[in-house]
2 protein chains.
Amino acid sequence: MIKNSEFIDKLRSSGLRPTKQRLKICELLFNRDNTFHFTINDLAKNISRQLNEKISLATVYNTVHAFKNKGYLKEISINSDKSYFDTNTTNHHHFFDQDTNELIDCTDDEIETPKIKKNILGKKINSVEVLIKVATDNQNQK
Amino acid sequence: MIKNSEFIDKLRSSGLRPTKQRLKICELLFNRDNTFHFTINDLAKNISRQLNEKISLATVYNTVHAFKNKGYLKEISINSDKSYFDTNTTNHHHFFDQDTNELIDCTDDEIETPKIKKNILGKKINSVEVLIKVATDNQNQK
DNA sequence: TTATACATTATAACAATTCTAAACTATTGA
DNA sequence: TCAATAGTTTAGAATTGTTATAATGTATAA
């Protein structure tokens, strides 16, 4: 259980003012045991369920992007219709369950990280990410 | 150089009527030496550049999705703002050049395909795809 | 405690995509 | 060969996810 004052410090130290909206979002995102995968929509719904006063959708977008830019969140691309975010910002891979549209972290015992043997000339590798799409056996592939 | 009659057969054999719009799109997509990576917008622009009579944007969408569903195209997700399609439908990986927004096929001598050691219970793996984001050295990571 | 820079908000704007319903065309089979 | 019909194209409207705008509100530094 992370204390509110810790979030305040965290925000301040990265040059973000600790507003009550940002603190609420911190609480929702980072006060949990497991990695959280979400879309902005998920998060917005979550907030309005838990809060009597609402946070504007624009603020949710702003905050999530601010957190991403500060390195507190990672953006994951699965399909083009929406963005997923991940509270696990370490370099890791994902399963994507096509039945439920759920994103699941892939642990080191589940995958052997791919080795890049040759890179594009003059370019730096910024990330290497594996996405494993799974579905129940009788499901047709998307 | 693939002949028009071959495209007609290909379309017919997969239950798609060979209309002139579809044939034109076949020609553009499949009558080339190399893999083609494109967005719907790229394709639409390409068509209107090469054609005096236009193909409706809705038709371009319909056709690309029909081709994808028949397995002639593959959809690739890099970021959430648009969909990329690939004429190479084999299982392979990609570099994404963040400077130019260009997608580049990754050949076998460039990557060692990751091994999945453990799968999600009761699910079938439909695809395993690696995306390597690259940019010039002094560029900031997106 | 006030000035100011930063945040929030509702709403408008936007871009990619899908839907709709009418007009059109390829195919089937009398 | 020529309808009938089932599938296709089309323009434009609608939808969805997201970003921009500009006015109002708030945290912070001096």
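Quick caveat, the model's predicted, so the values are computed rather than measured. Labels below follow one simple rule: chain letters A, B, ... track the order of the sequence lines, proteins then strands, and each chain is numbered from 1.
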Worksheet entry | B/Arg22 vs C/dA26: side-chain N/O to OP1/OP2 distance below 4.0 Å | no
Fill in: Nearest-angstrom distance from the residue atom CG of B/Asn69 to P of D/dG7
16 Å
Worksheet entry | Cationic N near anionic O, under 4.0 Å, B/Lys24 to B/Glu53 | no
Fill in: B/S/- contact track for nucleotides 11-18 of chain D, protein heavy atom under 4.0 Å
B-----SB
Fill in: Whether over 12 other heavy atoms sit under 6.0 Å from A/Asp109 CG
yes
Item to complete: Verify the distance criterion only: is there a donor paired with an acceptor across the side chains of A/Asn41 and A/Thr39 at less than 3.5 Å?
Response: no
Worksheet item: Do the side-chain N or O atoms of A/Gln21 get closer than 4.0 angstrom to the phosphate oxygens (OP1, OP2) of D/dT26?
Response: no
Fill in: Donor-acceptor contact below 3.5 Å, side chain A/Arg22 vs main chain A/Arg17
yes
Worksheet entry | B/Arg12 side-chain N/O to C/dA26 phosphate OP1/OP2 under 4.0 Å | no
Worksheet item: Atom CG of A/Leu51 to atom P of C/dT8: distance rounded to whole Å?
Response: 13 Å
Discussion item. Please check: side-chain N/O of A/Lys117 versus main-chain N/O of B/Glu112, any donor-acceptor pairing under 3.5 Å?
Written reply: no
Discussion item. Could you tell me how far apart A/Glu53 (CD) and C/dA7 (P) are, to the nearest whole angstrom?
Written reply: 19 Å
Discussion item. Distance check needed: C/dA16 C1' versus B/Asn101 CG, whole Å only.
Written reply: 15 Å
Discussion item. Can you confirm whether A/Phe95 sits close enough to A/Glu110 that some side-chain heavy atom of one is under 4.5 Å from a side-chain heavy atom of the other?
Written reply: yes
Discussion item. Tell me if a side-chain donor or acceptor on A/Asn126 pairs with a main-chain N or O of B/Lys133 at a distance below 3.5 Å.
Written reply: no
Discussion item. Whole angstroms only, please: what is the CZ-P distance between B/Phe7 and C/dA26?
Written reply: 18 Å
Worksheet item: Any side-chain donor-acceptor pair under 3.5 Å between B/His37 and B/Asn88?
Response: no
Nucleotide N/O to protein N/O under 3.5 Å, stretch nucleotides 23-25 of chain C:
none

Discussion item. If I take atom CG in residue A/Leu11 and atom P in nucleotide C/dC6, what distance separates them, rounded to the nearest angstrom?
Written reply: 16 Å
Discussion item. Please tell me whether A/Phe85 and A/Tyr61 are part of a single hydrophobic cluster in this structure, the criterion being side-chain heavy atoms less than 4.5 Å apart.
Written reply: yes
Item to complete: Taking only the side-chain heavy atoms of A/Asn62 (C-beta and beyond), determine which of D/dT28, C/dA7, C/dT8 contains the nearest atom.
Response: C/dT8
